[in-house]
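Please read the structure below before turning to the comments.
Residue numbers start from 1 in every chain, and the chains themselves are labelled A, B, ... in the order their sequence lines are given, proteins ahead of strands.
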Amino acid sequence: MAPQKKKPLAVYIHLPFCAKKCLYCDFASGPADAQQIAYYMRVLQKEIRSFSAIATLYRVETVFFGGGTPSFVAPVYIEQLMNLLRSQFEFSDRAEITLEANPGTLTEEKLKIYRAAGINRLSIGLQSVHDAELKTLGRIHTYADFLESYDLARKAGFENINIDLMSALPRQTMALWQDSLAKTAALQPEHISAYSLSIEEGTPFYEKYGEGLGRLALPGEELDREMYHYTKSFLAEKGYARYEISNYARPGFESRHNLTYWTMGEYLGFGQAAASFLEGRRFTNPSTAEEYWQAARTSYQRFRAMKPETVREQMEEYMFLGFRTARGVSREDFKKRFGTSFPRVYEHTLLDLYKQGLLTQEGGRIFLTDEGIDISNIVLAQFLLDERTSL
Amino acid sequence: MIIPQDHIRNFSIIAHIDHGKSTLADRIIERTGLLTAREMQEQVLDNMDLERERGITIKAQAVRTIYKAKNGEEYMLNLIDTPGHVDFNYEVSRALAACDGALLVVDAAQGIEAQTLANVYLALDNDLEVIPVINKIDLPSAEPDRVIDEIEDVIGLEAHDAPLISAKNGINIDEVLEAVVHKLPAPEGDPDAPLRCLIFDSFYDSYRGVVVFFRVVDGRVRKGTRVKMMASGAAYDVVEVGTFGAGQLIPCDELSAGMVGYLTASIKNVKDTRVGDTVTEQARPCAQALPGYKKVLSMVYCGMYPADGAKYPDLRDALERLQLNDASLTYEPETSVALGFGFRCGFLGLLHLEIIQERLEREYNLDLVTTAPSVVYKIHTLKGDVIDLSNPTNMPDPAVIDYMEEPVVAAEIMVTTEFIGPIMSLCQERRGVYEGTEYIETTRALLKYTLPLNEIIYDFFDALKSRSRGYASLDYTLKGYVRSDLVKLDILINHEEVDALSFIVHESTAYERGRKMCERLKEEIPRHLFEIPIQAAIGSKIIARETVKAVRKDVLAKCYGGDITRKKKLLEKQKEGKKRMRQIGNVEVPQKAFMSVLKLDQEN
């Protein structure tokens, strides 16, 4: 039998455990004891194995351990999971393997095990260099803790590190944000994610800041955007280019894992609440632990039973995901992927959006302007198609 | 079975909403064996879903039962249920005119209400014998003695031997039936005189055409009789006559003087069988029509537009079909710059409007945009013409107007004395002219006001309820037109005048209304990419302004772990929201904003 060309795959592994849930966090995560963690790991491994039937069709290009705080669990679990993945899937030589870590949970010992397991990228959640802000967010660490962890990581040999920052925090001023940015850039990480805080329902932050007078503590829309625009120009000066709405990297250090999401590459998510996109099917695991335990065993069957997305749905996604990236989309890519040009309605939409200064084009690619990014939900919603639209 | 004329009793039940009219009707039907309790669907007489849900009777209904009285004789009881709202006053008066007596049902806890009183007077005006019935006597808060005194003092009806009942729990229903048999008069009328029947309702049936409900005053009618409607002049051969079962029509050979029943005659449209008209025999007509007929005029108008412009023909068909059944609904096509093609519809009142709107949405599955209701103004031009204006958009240039008139009503508000203050100030705010107070008893009073109709069609009823903690009740009748300083208030959104939002208002309240309207619209209109001024203007003069600020940020910063589905749902919600909008210039306005004017006083 002729050797089949393997398809690239991104693997996401969700580890929903942390020392303490942050006050703004609405992800499926929370504190847990050793027994619960051990049980979860068993279930997770079963789920990964259940995909063995198709594992041989793919070559893993990226792995991302997200959470929660993956660095919170005993590092032996990371090792086991990596071993399992390698036994199931072929890995690319230059695979990007990221682990999310929080300051205060990293030790020299852990980092050594991660390296040995093949982790070659760390994403460290700093959020702010001001301890008062960290306290507001409900983080467990100080800035000093972070510096220590960062230093340990470098010493352990990690040469690809991302630092997460958050803007638009309660009572944050422009000066405070500039300070966070400057101190972070000075450390010269390869990658910086800078999110502006969003207040999600069901979090303690929503209770406090979501409605009424509490809202007043948050920077207004104007300041929020000022911070965002400053971030782009400041980081550009320091050698970081914005390649996605909230992501900045030095050349060559864009996260290939995250880009997979935006460019409609295939990915497989394991664990509670993890999402996948494989063979045109999108499916998401249950977000509560109990439901996940039940469902994990049959993940593969559920995936098989899933109806693939229609061409129409894929076109919409191609557009609204692609526009999140600085490169945007191109007619050529579109045609290559779908075998047809943009639906006619898109041409009208594009024209409107050019006129409004929300989109622009250059070198055959179409992308959001800075103004377009500010209100990207409004722009992107316009690329959803009606049932009736002819393609 | 032949029951002689002197063993017929035609009666109706008068009651305030919630005082138990329909429940008593059910018990009577049940007791007289027309249906067993098991067969009874709750409240047989209210047969529209809407009526059952709202607990209001919209159309008159009738039912015939045979009651074997304690004296061993059988009586034919025709119960005619009347509509229970001030909007349908005329229908009530005609239904009462078809009766010889009435049961006045009063809640033992709440006593007499304004509307009860109005209907009792209507009954007495029609020379009906009225028997008081005290209901809900098993409630802990029941005070039957107080209520009996109240009935005697206020209405002057002997009430000390009034049946004390609980319709809900079936207590003392026989007493009511015995009172009907022994205290109400038998119908008069000569079965051998020329035919004379009073139409008190009709409905359209797609198989039989119009089914006319009527009371035979004199003469007889049977299948084949050629009858004539005296007001409309239309003549028909009767196809079928019959009486009313519970929820069904029972054909019979003949209806004669004193009887209540229905006829069908392949009649195509209820317009030809107007409530209050007299039916006679064409070959041997009666000398004179029965008194009291009048053509009902629409009091309240509004524009109704399909939310989806493509549904215009559906809306037209639906209105046509509703009108088959409801001669008091009028409509004619109109166009609005903002809303496209639609209809200007006329109604008896705001409740009637709401009912039609709800039926269009529910029974015909139409999504509607309704403009603010308007009354009919009379515009006297300098040339001496008089224009009836029911759509504010059509108001002529003020330069050609000599003066304007607006309709006013005589309103009676029943209220407990502790709320007299707040209710009087409400009436004052609504430009009411105080006409006097009648004390019903030491703690209750009847306030009389002359009020402009346009002040009560929006939210007066709600305001009344909220300022009296639900205790005040209202009744009104159209009194006539008075000269008034009225202006047309226009609303501009992003400098474009929105015709569907214009309304006519008294000069003295124009600023206040304009300001509130702008505030309200500011809440309703979502932020756009640009700033949107919302202005209220009289002519070219801007009297109020609000601004909808531009969106500066609408971005999902984080899109975690590849959960695209969630993000897509968010975008879809955003897109769905846009669909329910109307495009005014480059501004998207939600459909419900067009109803804003209705809610101007909501915060009060």
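- Heavy atoms only, all atoms of each residue included: Arg566(B) and Asp26(A) are closest at NH2-OD2, 3.0 Å.
- Between Asp554(B) and Arg225(A), no side-chain nitrogen of the basic residue sits less than 4.0 Å from a carboxylate oxygen of the acidic one, so the salt-bridge criterion is not met.
- Taking both residues in full, the closest heavy atoms of Ser376(A) and Val555(B) are given as OG-CG2, 3.2 Å, listed atom of the first, atom of the second, then distance.
- The minimum heavy-atom distance between Lys567(B) and Arg324(A), with the atom names listed, is NZ-NH1, 3.6 Å.
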CA sep, side-chain torsions, deciding dist, call: Asp563(B), Arg282(A), side chain to side chain contact (heavy atoms under 4.5 Å, CB included): CA-CA 9 Å; Asp563(B) 192 354; Arg282(A) 283 198 189 279; over 6 Å; no
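- In this structure, Gln574(B) contributes its side chain and Ala381(A) its backbone to no donor-acceptor pair below 3.5 Å.
- Within the 4.5 angstrom heavy-atom criterion, atoms from both the backbone and the side chain of Ser196(A) approach chain B.
- Residue Lys553(B) holds its NZ atom at 10.5 Å from CG of Leu223(A), rounded to the nearest 0.5 Å.
- Of all the heavy atoms in Arg552(B) and Asp374(A), the pair that sits closest is O-CB, 3.4 Å.
- To the nearest 0.5 Å, atom CG of residue Asn377(A) and atom NZ of residue Lys573(B) are 11.5 Å apart.
- With respect to chain B, the highest number of heavy-atom pairs below 4.5 Å among Glu222(A), Gln356(A), His257(A), Glu221(A) belongs to Glu221(A).
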Stepwise side chain to side chain contact (heavy atoms under 4.5 Å, CB included) test for Ile564(B) and Phe277(A): CA-CA 9 Å; Ile564(B) 305 307; Phe277(A) 178 55; over 6 Å; no
Step-by-step side chain to side chain contact (heavy atoms under 4.5 Å, CB included) determination, Glu371(A) to Leu529(B): CA-CA 10 Å; Glu371(A) 292 72 32; Leu529(B) 302 182; over 6 Å; no
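- Heavy-atom neighbours of Phe341(B) CZ from other residues, nucleotides or ligands within 6.0 Å: at or below the threshold of 12.
- Lys575(B) places a side-chain N or O within donor-acceptor distance of the main-chain N or O of Leu384(A), the cut-off being under 3.5 Å.
- Only the side chain of Ile245(A) comes within less than 4.5 Å of a heavy atom in chain B; its backbone stays farther off.
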